[in-house]
Chemist: 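Sharing a structure below in structure tokens format, with a few things to ask.
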Amino acid sequence: MRLSHYLVPTIKEIPAEAESISHRLMLRAGLIKQLTSGAFSYLPLGWRVLRKIENIVREEMDAIGSQELYLPALHPLDLWIESGRASVMDEIMFKFQDHKGRWMCLGPTHEEVITDLARSFVHSYRDLPQQWYQIQIKFRDEVRPRGGLIRIRQFTMKDAYSLSTSQEDLNEWYLKNRQAYTNIFTRTGLRFYIVGAHSGAMGGSGSEEFMIPTPTGEDSIVVCDTCGYLANLEVATSKIEHHEKMDVPMENVSTPDRHTIEEVAGYLGVPEFDTMKSVIYMLVPEETPLLVLIRGDLEVSEAKLEIALKGHEYRPAHPDEIKEMSGAEPGFIGPVGLKRKDVRIIIDDSIPEGVPFISGANKDNFHTKGVTRGRDYDGESADLRLACEGDFCTHCDAPLRTERAIEVGHIFKLGTKYSESMGATYLDENNLEKPIIMGCYGIGIERIMAGAIEVNSDENGIIWPMSIAPFQVIVIPLDKRNEQIWSKAEEIYRRLWESGVEALIDDREASPGFKFKDADLFGIPIHIILGKRAIESGNAEVKVRKTGVRTDVSIESLLADPLKALPWLGDETLSRP
RNA sequence: CGGGGUGUAGCUCAGCCCGGUUUAGAGUGCUUGGUUCGGGACCAAGAGGUCGAGAGUUCGAAUCUCUCCACCCCGACCA
């Protein structure tokens, strides 16, 4: 392509609305243009990168025997009501009525449509296994889009769905996809972690996320540098130090108007870890209270709570419900002396038996000292604690650290959640009707682009890995008046395309510095610079963007065989982080 | 959804607190002419804005008040 007539609106100033590195550079290099919150136009340069990413994804999916198809983004809402997810996904779904008044929505994901397809066409165990995938636009009315392409309301996802007859077969597909993802993220030049994750609204048993470590990320992951343990913060396990067991009697103490842990600990002059926190929820649909107990200085992970409740729905309790359960205002709640007797109690491992804590007294303006599990109360045990920087690894006891990261891929063992609710079944060898066992596997295409920039840039701009660079080479002729320079540049440019190399030529009437700055900003891996010196010496200057190394290469050899003259084109290290 | 912030030329922003010397500005980009040509060149001339929208206060509003809208950031939430 010729830069003189190519839509690449570069900007020198740092755009005001952009905070993250990738967002700034995508705007500055003319890759994207925001239309409205969470929706972007992809300009020619950016679109080329996205298509390259898609192609890598496609190759790796095809390689594991996954079949590409294409589903509609327009769904009847009925399908979502049938699966039971219309309510769960309600907040993020774009919904509207068609001209007949029928409720429709734009697909935030495609489990429902796939399951519908499966129940239409899969009838026998002989039809299985299958894996289907698509590269499709998803719509999610996110409450807060952010970070350029990190979280958007219209985005492209590769979503794949495996259909199996057994858990073993699902495991096999899961591992195949896991390997394909590893290949994809390696080929796209990303540094990534595979971390244990929470299944969330998708349901199902096991799941892992592929994470790109960068401060821009909106997820936190827990890392053990000693044994390599990795997990999403919401499900990460850790060890903490416990207090000594002691036998001290319970004693009520006055704590006027001290509601929070911080206030109570401060007022009583004790550290926060001597106190116990009571968090109250209501179980749905029973409308019975759930009391969660955790040490005062720690936080409950709602993801872990969901796991402990095995998917049982719950909601935060209202203040009047708390009062009815406990007899006291929120802030003075504890496990001993509750008014209601049907309270389900779940206790985090940070509250061991025999260790006294200070808890609410279930009496306004009072707390109780010496409240001891096993002696004064008890409940179900669970790990509900949000891990913290400095906690210890449950596998090797080394201290843990946390890191921010972008989620670019997520793989799930769904099981039979959708096949059961939507009746996607098959007949097995014994003529028994069985639900199909499903897995699902997603990749955010735009996030790969953003992530690649987050991981690979410098103060001058983007540094694309060769594999997803919009162009591999840019030819930069200097001094517009010098016809020799110009004609050589044109010749080289033509030879590059003839040899199958995607090349740009900067044929704009601009000063050398201007062209150099833009070439760096675009992040094209290889720059071929032609100035007066080149004509005099017969050598063009070849600069590698990633290393900054400049090498003289004879114009003659470039014209004879560009692929041979530019060994960097095949240099694998230029596609590695 | 809670908290914070922004909205003035294509872009980045000043002016607003303290209303009137501002005929709304700067830099950059754009147009024309000339010079320059290896790290965002220089000179000259020019085009370009209902100051986010509406209402109000006032002799007078970019500037004060109210309502609304849009966008960004932090948090909550989130395959």
Side-chain angles (χ1 to χ4, degrees), chain A residues 9-20 23-24 27-28 30 33-39 85 88-93 107-112 114 136 138-148 150-153 155 157-161 197-204 207-210 216 218-219 232 234 299 302-303 306 316 407-414 417-418 439-444 447 459-461 476-482 485-486 506 508-521 527 529-536 540-541 543 548 550:
Chain A
T10 56
I11 40 182
K12 216 185 290 183
E13 293 95 350
I14 295 171
E17 78 263 26
E19 202 85 355
S20 71
H23 191 192
R24 285 181 178 188
L27 287 170
R28 288 195 51 211
K33 163 85 170 73
Q34 182 165 346
L35 177 64
T36 182
S37 180
R85 279 210 298 181
V88 186
M89 303 289 251
D90 184 63
E91 285 169 17
I92 62 156
M93 272 207 278
T109 172
H110 281 78
E111 283 76 17
E112 278 74 4
I114 276 287
Q136 236 273 16
K138 311 286 184 202
F139 296 90
R140 295 185 187 180
D141 194 1
E142 296 288 352
V143 211
R144 184 154 108 77
R146 73 171 87 183
I150 301 299
R151 181 162 221 81
I152 48 187
R153 299 197 293 172
F155 63 100
M157 183 196 281
K158 185 288 298 178
D159 47 322
Y161 305 86
H198 177 53
S199 307
M202 298 301 299
S207 94
E208 287 171 298
E209 288 167 325
F210 290 72
T216 303
E218 41 178 15
D219 285 282
N232 192 311
E234 19 174 59
E299 295 295 328
E302 299 222 336
E306 269 181 48
E407 176 190 350
V408 287
H410 202 158
I411 53 179
F412 295 89
K413 293 178 187 172
L414 280 183
K417 172 174 170 156
Y418 297 93
C440 88
Y441 318 93
I443 285 181
R447 282 187 179 179
E459 64 281 4
N460 294 318
I476 308 173
L478 306 175
D479 199 344
K480 180 86 178 175
R481 298 167 312 181
N482 189 324
I485 292 176
W486 212 249
D506 194 345
R508 297 173 299 182
E509 285 191 57
S511 67
F514 188 91
K515 293 184 175 184
F516 294 147
K517 288 286 185 189
D518 262 2
D520 284 347
L521 181 58
H527 306 179
I529 301 160
L530 289 160
K532 212 182 295 170
R533 292 206 303 250
I535 298 304
E536 284 160 6
E541 185 174 292
K543 176 185 149 182
R550 295 152 190 272

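Every chain is numbered from 1, with letters handed out A, B, ... down the list of sequences. This structure is a prediction, so every number in the text was calculated from the model and none was measured.
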Chemist: Taking atom C1' in both B:G25 and B:G48, what distance in whole Å separates the two?
Modeler: 14 Å

Chemist: side-chain contact (heavy atoms from CB on, under 4.5 Å) for A:Glu111 and A:Asp159? Distances and angles first, verdict last.
Modeler: CA-CA 9 Å; A:Glu111 283 76 17; A:Asp159 47 322; over 6 Å; no

Chemist: Do any side-chain nitrogens or oxygens of A:Arg144 fall under 4.0 Å of OP1 or OP2 in B:C74?
Modeler: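 So the side-chain polar atoms of A:Arg144 do come within 4.0 Å of the phosphate oxygens OP1 or OP2 of B:C74, strictly under.
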
Chemist: What distance, rounded to whole Å, do you find between the two C1' atoms, one in B:C51 and one in B:G15?
Modeler: 11 Å

Chemist: Could you check whether A:Lys543 gets within reach of a base, just the sugar-phosphate, or nothing at all, counting any heavy atom under 4.0 Å?
Modeler: base

Chemist: So, does A:Arg151 get its side chain near the phosphate of B:C78, meaning an N or O under 4.0 Å from OP1 or OP2?
Modeler: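 The answer is no; no side-chain N or O of A:Arg151 sits under 4.0 Å from OP1 or OP2.
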
Chemist: What's the CG-C1' distance between A:Asp520 and B:G40, to the nearest Å?
Modeler: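 Distance, rounded to whole Å: 11 Å.
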
Chemist: Which whole number of Å gives the distance between the P atom of B:U63 and that of B:C16?
Modeler: 12 Å

Chemist: Would you mind reading off the distance between A:Lys517 atom NZ and B:A41 atom P, rounded to a whole angstrom?
Modeler: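 Result: 10 Å.
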
Chemist: Would you kindly compare A:Gly444 and A:Ile529 by the position of their nearest RNA chain B nucleotide and give the one closer to the 5′ end?
Modeler: A:Ile529

Chemist: May I ask you to say what A:Glu541 touches in the nucleic acid, namely base, sugar-phosphate or nothing, with a heavy-atom cut-off under 4.0 Å?
Modeler: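 Since a base atom lies under 4.0 Å of A:Glu541, the category is base.
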
Chemist: Is any side-chain nitrogen or oxygen of A:Thr36 closer than 4.0 Å to OP1 or OP2 of B:C71?
Modeler: yes

Chemist: Using a 4.0 Å heavy-atom cut-off across all strands, classify A:Gly461 as base, sugar-phosphate, or nothing.
Modeler: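 Nothing: the residue A:Gly461, judged by heavy atoms under 4.0 Å, touches no strand.
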
Chemist: Between B:G54 and B:A70, how many Å separate the two C1' atoms, rounded to a whole number?
Modeler: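 B:G54 and B:A70 have their C1' atoms separated by 15 Å.
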
Chemist: Can you check the A:Glu13 CD to B:C30 C1' distance for me, whole Å?
Modeler: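 Between C1' of B:C30 and CD of A:Glu13: 14 Å.
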
Chemist: Could you tell me the Watson-Crick or G-U partner of B:G25, where both distances fall under 3.5 Å? Say none if there is no partner.
Modeler: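 Here B:G25 is engaged in a pair, and the nucleotide opposite it is B:C13.
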
Chemist: I'd like to know whether NZ of A:Lys33 has more than 12 heavy-atom contacts from other residues, nucleotides or ligands below 6.0 angstrom.
Modeler: no

Chemist: Is it true that a side-chain atom of A:Lys515 and a backbone atom of A:Arg508 form a donor plus acceptor pair closer than 3.5 Å?
Modeler: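 Looks like yes, one N/O pair under 3.5 Å.
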
Chemist: Could you give the distance separating B:C72 and B:A55 at their P atoms, to the nearest angstrom?
Modeler: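 28 Å, rounded to whole Å.
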
Chemist: Using atom types as modelled and distance alone, determine if a side-chain donor or acceptor of A:Arg151 lies under 3.5 Å from a backbone N or O of A:Arg146.
Modeler: no

Chemist: Does any nucleotide pair with B:A70 by Watson-Crick or G-U wobble geometry, both distances under 3.5 Å, and what is it?
Modeler: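 Across all strands, the one nucleotide that pairs with B:A70 is B:U6.
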
Chemist: Round to a whole Å and report the spacing from CZ of A:Phe155 to C1' of B:C78.
Modeler: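 So the CZ-C1' distance, A:Phe155 to B:C78, works out to 11 Å.
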
Chemist: With a non-hydrogen cut-off below 4.0 angstrom, is A:Asp159 in contact with a base, only sugar-phosphate, or nothing?
Modeler: nothing

Chemist: With a 4.0 Å cut-off, would you call A:Arg533 and A:Glu541 a salt bridge?
Modeler: yes

Chemist: If B:C64 has a Watson-Crick or G-U wobble mate with both distances under 3.5 Å, name it; if not, just say none.
Modeler: B:G56

Chemist: Report which part of the nucleic acid A:Asp518 touches: base, sugar-phosphate, or nothing (heavy-atom distance under 4.0 Å, all strands).
Modeler: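 Answer is base: heavy atoms of A:Asp518 come under 4.0 Å of a base.
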
Chemist: For A:Ser207, run the side chain to side chain donor-acceptor pair (under 3.5 Å) check against A:His198, A:His410, A:Lys413 and tell me which one passes.
Modeler: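 That would be A:His410.
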
Chemist: For the side chain of A:Arg146, starting at C-beta, report the closest nucleotide among B:G40, B:G38, B:A76.
Modeler: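 Among B:G40, B:G38, B:A76, the one nearest the side chain of A:Arg146 is B:A76.
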
Chemist: Applying a 3.5 Å limit to both distances, which nucleotide forms a Watson-Crick or G-U wobble pair with B:G40?
Modeler: none

Chemist: Would you mind telling me which of B:A41, B:C71, B:G38 lies closest to the side-chain atoms of A:Arg550?
Modeler: B:G38

Chemist: Ignoring backbone atoms, test whether A:Ser37 places a side-chain nitrogen or oxygen under 4.0 Å from the OP1 or OP2 oxygen of B:C72.
Modeler: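 Answer is yes, contact under 4.0 Å.
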
Chemist: Which nucleotide sits closest to the side chain of A:Lys12: B:U28, B:G38, B:C73?
Modeler: B:U28

Chemist: Does any nucleotide pair with B:G19 by Watson-Crick or G-U wobble geometry, both distances under 3.5 Å, and what is it?
Modeler: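 The answer is none; no pair meets the criterion.
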
Chemist: What integer number of Å spans the C1' atoms of B:G20 and B:A61?
Modeler: 10 Å

Chemist: Does B:G46 pair with anything, Watson-Crick or G-U wobble, both distances under 3.5 Å, and if so, with which nucleotide?
Modeler: B:C30

Chemist: With rounding to the closest Å, how many angstrom separate the P atoms on B:C69 and B:A53?
Modeler: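 Pairwise P distance, B:C69 against B:A53, rounds to 15 Å.
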
Chemist: What's the closest nucleotide to the A:Gln34 side chain, out of B:C71, B:G40, B:G38?
Modeler: B:C71

Chemist: Quick one: does A:Glu142's side chain have a donor or acceptor within less than 3.5 Å of a partner on A:Arg144's backbone?
Modeler: no

Chemist: How far does the P atom of B:C43 sit from the matching atom of B:G29, given to the nearest Å?
Modeler: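 Those two atoms are separated by 12 Å.
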
Chemist: What is the distance, to the nearest angstrom, from the CD1 atom on A:Ile485 to the P atom on B:G38?
Modeler: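 So the two atoms are 9 Å apart, to the nearest Å.
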
Chemist: Hunt down the Watson-Crick or G-U wobble partner of B:C1, both distances under 3.5 Å, from any strand shown, or write none.
Modeler: B:G75

Chemist: Is A:Arg481 near enough to B:C37 that one of its side-chain N or O atoms lies under 4.0 angstrom from OP1 or OP2?
Modeler: yes

Chemist: Which sits closer to the 5' end of RNA chain B, A:Pro108 or A:Leu35, going by the nucleotide each is nearest to?
Modeler: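 Its nucleotide being nearer the 5' end, the pick is A:Leu35.
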
Chemist: Given B:G40, B:G38, B:C1, which nucleotide is nearest the side-chain atoms of A:Val143?
Modeler: B:C1

Chemist: Looking for any heavy atom pair under 4.0 Å, which part of the strands does A:Pro145 touch: base, sugar-phosphate only, or nothing?
Modeler: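 It contacts sugar-phosphate atoms only.
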
Chemist: Rounding to an integer number of Å, can you tell me how far A:Ile14 CD1 sits from B:C72 C1'?
Modeler: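 So the two atoms are 16 Å apart, to the nearest Å.
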
Chemist: Are more than 12 heavy atoms from other residues, nucleotides or ligands located less than 6.0 Å from atom CD of A:Glu218?
Modeler: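 Enclosed: over 12 neighbouring heavy atoms sit under 6.0 Å from CD of A:Glu218.
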
Chemist: Without swapping roles, check the side chain of A:Ser20 against the backbone of A:His23 for a donor-acceptor pair under 3.5 Å.
Modeler: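 Indeed, once roles are kept as given, a pair shorter than 3.5 Å links the two residues.
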
Chemist: Using whole Å, report how far CD1 of A:Ile11 lies from C1' of B:C30.
Modeler: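 It is 16 Å, rounded to the nearest whole Å.
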
Chemist: To the nearest Å, how far apart are A:Asp479 CG and B:U36 C1'?
Modeler: 9 Å

